[in-house]
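In each ligand, atom 1 is the first atom listed, and ligand 1 is the first ligand listed. Predicted, not measured: the structure shown is a model, and the values here were computed from it.
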Amino acid sequence: MDVILRSALGLDRDEHETFLADVIAGLSDNPKRLGAKYFSDVAGSRLFEEITGLPEYYPTRTEMGILRRDGARLMGELAPGTALVEFGSGSTAKVRVLLDAAPTLAAYVPVDISAEFLGAEATRLQDDYPHLKVLPVAADFTSLFELPPQVRGRPLVGFFPGSTIGNFEPHEADAFLRRAARILGPSSRLIVGVDLVKDERVLHAAYNDAAGVTARFNLNVLTRINRELGADFDLDAFAHRAFYNPARSRIEMHLQSLARQKVRVARRAIPFRAGETIHTENSYKYTLARFAALAAAAGWETRAVFTDPAEYFSVHALTQS
Ligand code: AVJ
């Protein structure tokens with residue numbers, strides 16, 4: 001498998017510098033913050049996999065149900081030679097459902113920042129779908145990237161599952177949708193998974209699971225900073241906090257300092273007040289109408305929307321208008 005491989009030991013030197021600069025800037029800000037993209041080191045990705053199987057965490061299994069039930073309609077009327085481009089292909093479980101629903105697809109382009117993960121998963125997928133051209137691209141899908149030459153000129157369908165779009169601020173979601181339109185080109189399609197506004201108790205439970213996996217996932221970012229940036233966060237002195245913010249239609253995750261303390265990060269002392277929080281993630285929830293409006297403003301027409309009977313989750317089929 002032809003992937004541009006980078007350091008097998010995690011971040012390269014530039015990425016390490018960026019990580020350090022982001023962490024220092026975020027912890028020097030008021031209120032303190034850390035970027036959600038730093039959750040996904042090896043341990044963080046494993047913990048997220050565990051989250052997707054939790055009884056309280058409805059998004060993954062609900063979206064899978066929608067893809068299984070409506071996959072053929074989502075992938076209907078494809079022109080011959082169409083290629084599927086997945087933005088941020090973590091696990092390949094979801095795309096396999098679409099590939100099974102669209103046996104005429106010619107190529108699959110998984111785009112992911114983690115080259116190691118991409119290589120292994122793409123190789124397995126290629127073995128299982130021998131007639132499909134699997135063309136992985138190691139790139140950050142939040143920036144403009146080049147598609148492989150083999151798919152240029154082909155009809156393209158983009159796939160952005162998992163409500164990853166909910167991690168973006170609304171203006172970032174708008175920018176992503178516009179960039180996707182540029183990358184995929186005229187008369188393309190985009191299939192997007194979007195988590196929906198619902199009963200606050202359901203949302204709260206999904207991010208405060210009884211087994212404490214989401215708490216470990218949130219706290220793991222401190223473990224990662226300790227290891228990679230030589231910091232001395234005491235994990236017992238911080239607690240996971242997640243709650244729904246109805247004014248912003250989002251789940252917020254924070255890490256709360258349980259005491260007044262100083263933490264050393266790369267020779268700097270970062271002071272914390274007792275009760276002070278680090279904002280680590282937002283997970284925006286949309287109504288069907290609000291997401292359609294966001295898509296329309298970015299140049300995408302809604303062709304169809306599929307949901308589960310309880311309307312917990314939605315999958316939107318958008319077309320270039
Ligand atoms: C990966 C953005 C879909 O927001 O539900 C899960 C991440 N954070 N539990 C989400 C997450 C805590 C997840 N997404």
Under 3.5 Å donor-acceptor, [X] side chain and [Y] backbone:
X: Glu56; Y: Ala210; result: yes
X: Asn282; Y: Tyr284; result: no
X: Arg68; Y: Val97; result: no
X: Asp232; Y: Arg264; result: yes

| task | Could you tell me whether Glu276 and Arg260 make a salt bridge, using a distance below 4.0 angstrom between a side-chain N and a carboxylate O? | result |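 No, no charged N to carboxylate O under 4.0 Å.
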| Any salt bridge between Arg73 and Asp70, counting N to O under 4.0 Å? |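 Looking at Asp70 together with Arg73, the answer is yes, because their closest N to O distance falls below 4.0 Å.
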Measure and list all N/O to N/O distances between ligand 1 and the protein that fall under 3.5 angstrom.
from, atom 1, to, atom 2, distance (Å)
ligand 1, 4 (O), Tyr207, OH, 3.4
ligand 1, 4 (O), Ser283, OG, 2.6
ligand 1, 5 (O), Tyr57, OH, 2.5
ligand 1, 5 (O), Tyr207, OH, 2.5
ligand 1, 8 (N), Glu281, OE1, 2.7

